[in-house]
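Notes follow once the structure below has been shown.
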Amino acid sequence: MPELPEVETVARGVNERVRGDRIAEVWFSSHTQPFKTPPAGQAEGLEGRIILAVRRVGKHIVCDLGGRDVAGEEQPEAQWIVHLGMTGRLLVTTPDGDVAPHTHARLRLTSGREIRFVDPRRFGRLEYRELAVAKEFFGPGVEPTTVDPDVFAGLFKGRKLAIKAALLNQTILHGVGNIYADESLFRAGIRPKRMAGRLKKAELLKLRVALQDVLQHAIQLGGSSVSDYVDANGVKGFFQLEHRVYMRTGQPCLVCGTPIQRIVLAGRGTHFCSVCQQ
DNA sequence: CATTTCACCTGGTGGC
DNA sequence: TGCCACCAGGTGAAAT
């Protein structure tokens, strides 16, 4: 599942290859699902614009777009916002490459490259914003990689839900999904079902460090390739080899040897060590 | 308002 | 071998 480290990897890869390029022609599939803005409007808005930058905001990929007549170094006039959902891929390809099944967007660039959005399950989202009429996209919650310790601890004050559910709530903290929620809670030694508002400040501070460490390490390894995640160049990540609890049900805890347990929490498979996490 | 549940999707898996 | 019910999970709407 693309979470913060995977989305960061994709955004960096796309940025490196298309920054400064210009969108020449756009094609969209006829499905309704991945489109938050109607495809016709997106195509009209995108064509002719220069790509100023591609970056990550939470789990979203934001393409900052400039005008049609000027050549870079200007303020963004529009944004193309991509969410990968469960199975989305954002790829930079040559125009003659085979078009994968479930391709929903093709952006032909003046350099000859193409940006393609492929998403079998169609949980992804494509949105276009004209900044003259819509506000800039900032993401729904607090950015976990840079959040201040006191701000992080304050996010959970008075919350009457499980800490794992709180970590997954994008309006509290954005970018964390099922893998990194489980992995950070293991590394912090906290049970996923502990009530968020009842955690001691020391535990929350430890959780912040664990979360930032695991996210940073995962970004360094190009993310976790479970199911079918690949980066902008179609290359898999390696952080799945570093998972200590996620999808390790029944296998021995790497610290104490106790079999890893799996429960369902907040509707999600949740993995933890009943000895190391209290 | 805060929190929980469920629908949206398709490919892969496991049971018979 | 073939078929099919079932599950995975990010998000947002609906329910509680």
Side-chain angles (χ1 to χ4, degrees), chain A residues 1-11 28-38 56-62 81-90 99-105 117-127 137-144 154-185 192-199 211 215 218 223-230 236-237 239-240 243 245-250 260-272:
Chain A
M1 311 68 250
E3 303 178 27
L4 188 153
E6 292 76 32
V7 178
E8 177 72 30
T9 303
V10 171
F28 289 121
S29 74
S30 53
H31 286 99
T32 52
Q33 258 300 12
F35 301 101
K36 193 165 177 179
T37 313
R56 177 190 63 80
V57 178
K59 290 181 194 170
H60 296 260
I61 298 165
V62 176
I81 302 153
V82 177
H83 194 292
L84 300 176
M86 283 287 296
T87 53
R89 296 181 177 194
L90 194 66
V99 178
H102 308 292
T103 296
H104 295 104
F117 178 72
V118 181
D119 185 8
R121 217 164 291 183
R122 306 210 301 272
F123 280 6
R125 290 291 179 269
L126 300 178
E127 179 185 0
F137 183 81
F138 284 114
V142 168
E143 169 60 34
L155 294 175
F156 305 99
K157 195 168 288 182
R159 300 271 184 185
K160 290 183 169 61
L161 76 171
I163 184 62
K164 160 128 181 188
L167 287 174
L168 293 177
N169 184 332
Q170 302 295 297
T171 64
I172 299 174
L173 197 66
H174 62 207
V176 180
N178 209 34
I179 297 171
Y180 300 100
D182 281 4
E183 291 297 320
S184 62
L185 286 168
K193 66 183 177 200
R194 292 272 303 281
M195 193 167 292
R198 294 248 170 85
L199 290 170
L211 179 60
L215 292 173
S224 300
S225 283
V226 297
S227 77
D228 52 1
Y229 161 77
V230 292
K236 291 187 174 188
F239 193 73
Q240 66 279 10
H243 293 174
V245 288
Y246 182 75
M247 290 295 272
R248 293 194 66 248
T249 311
I260 298 301
Q261 288 192 30
R262 181 186 186 279
I263 59 172
V264 175
L265 204 162
R268 297 291 171 259
T270 299
H271 315 78
F272 68 101

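The basis for the numbers below is simple: all heavy atoms, side chains too, and nothing from hydrogens, waters or symmetry mates. Here is the naming used below: chain letters follow the sequence lines, and residue numbers restart at 1 for every chain.
Formation of a donor-acceptor pair under 3.5 Å by the A:T270 side chain with backbone atoms of A:R268 is found in this model. Looking at A:S225, its side chain does come within 3.5 Å of a backbone N or O of A:G237 through a donor-acceptor pair.
The listed nucleotides are B:dC9, C:dG9, B:dT3; the one nearest the side chain of A:R122 is B:dC9. The side chain of A:H102 lies closest to B:dT10 when the candidates are C:dG9, B:dT10, B:dT3. Distance from the side chain of A:K160 is smallest to B:dT3 among B:dT3, C:dG12, B:dC9. Of the listed nucleotides (B:dG11, C:dA8, C:dG10), B:dG11 has the atom at the smallest distance from the side chain of A:P120. With B:dT4, C:dG12, C:dA8 as the choices, the nucleotide that has an atom nearest any side-chain atom of A:L161 turns out to be B:dT4.
To the nearest angstrom, C1' of C:dT11 lies 14 Å from CG of A:N178. With rounding to whole Å, A:Q170 atom CD is found 15 Å from C:dG9 atom P. To the nearest angstrom, C1' of B:dT3 lies 10 Å from CZ of A:R159. If you take CE of A:M247 and P of C:dA8, they are 9 Å apart, rounded to a whole angstrom. Put simply, CG on A:L84 is 22 Å from P on C:dA8, counting in whole angstrom units. The CG-C1' distance, from A:L168 to B:dT3, rounds to 14 Å in whole Å. As rounded to whole Å, 13 Å separates atom C1' of B:dC8 from atom NE2 of A:H31. The separation between A:L167 atom CG and C:dT11 atom P is 14 Å, rounded to whole Å.
At least one side-chain heavy atom of A:E143 sits under 4.5 Å from a side-chain heavy atom of A:H174.
A close approach under 4.0 Å does not occur between any side-chain nitrogen or oxygen of A:R125 and OP1 or OP2 of B:dC8. Residue A:H83 has a polar side-chain atom (N or O) positioned under 4.0 Å from OP1 or OP2 of C:dT11. The side chain of A:K59 contributes no N or O atom lying less than 4.0 Å from OP1 or OP2 of C:dG10. For A:Q33 and B:dC8, the shortest distance from a side-chain N or O to OP1 or OP2 is not below 4.0 Å.
A:G124 comes within contact range of no nucleotide atom at all, as no heavy-atom separation falls under 4.0 Å. Across all strands, A:Y246 comes closer than 4.0 Å only to sugar-phosphate atoms, never to a base (heavy-atom distances).
Aromatic ring pairs are classed by plane angle as parallel below 30°, tilted from 30° to 60° and perpendicular above 60°; the pair A:F117 and A:H104 is tilted.
Under 3.5 Å, the side chain of A:R268 and the base of C:dG10 form at least one donor-acceptor pair of N or O atoms.
Between the side-chain ring of A:F123 and the base of B:dC8, a stacking contact exists by the 5.5 Å and 30° definition.
Side chains of A:H271 and A:D182: a donor on one and an acceptor on the other come within 3.5 Å. Side chains of A:Y180 and A:E6: a donor-acceptor N/O pair is present below 3.5 angstrom, by distance only.
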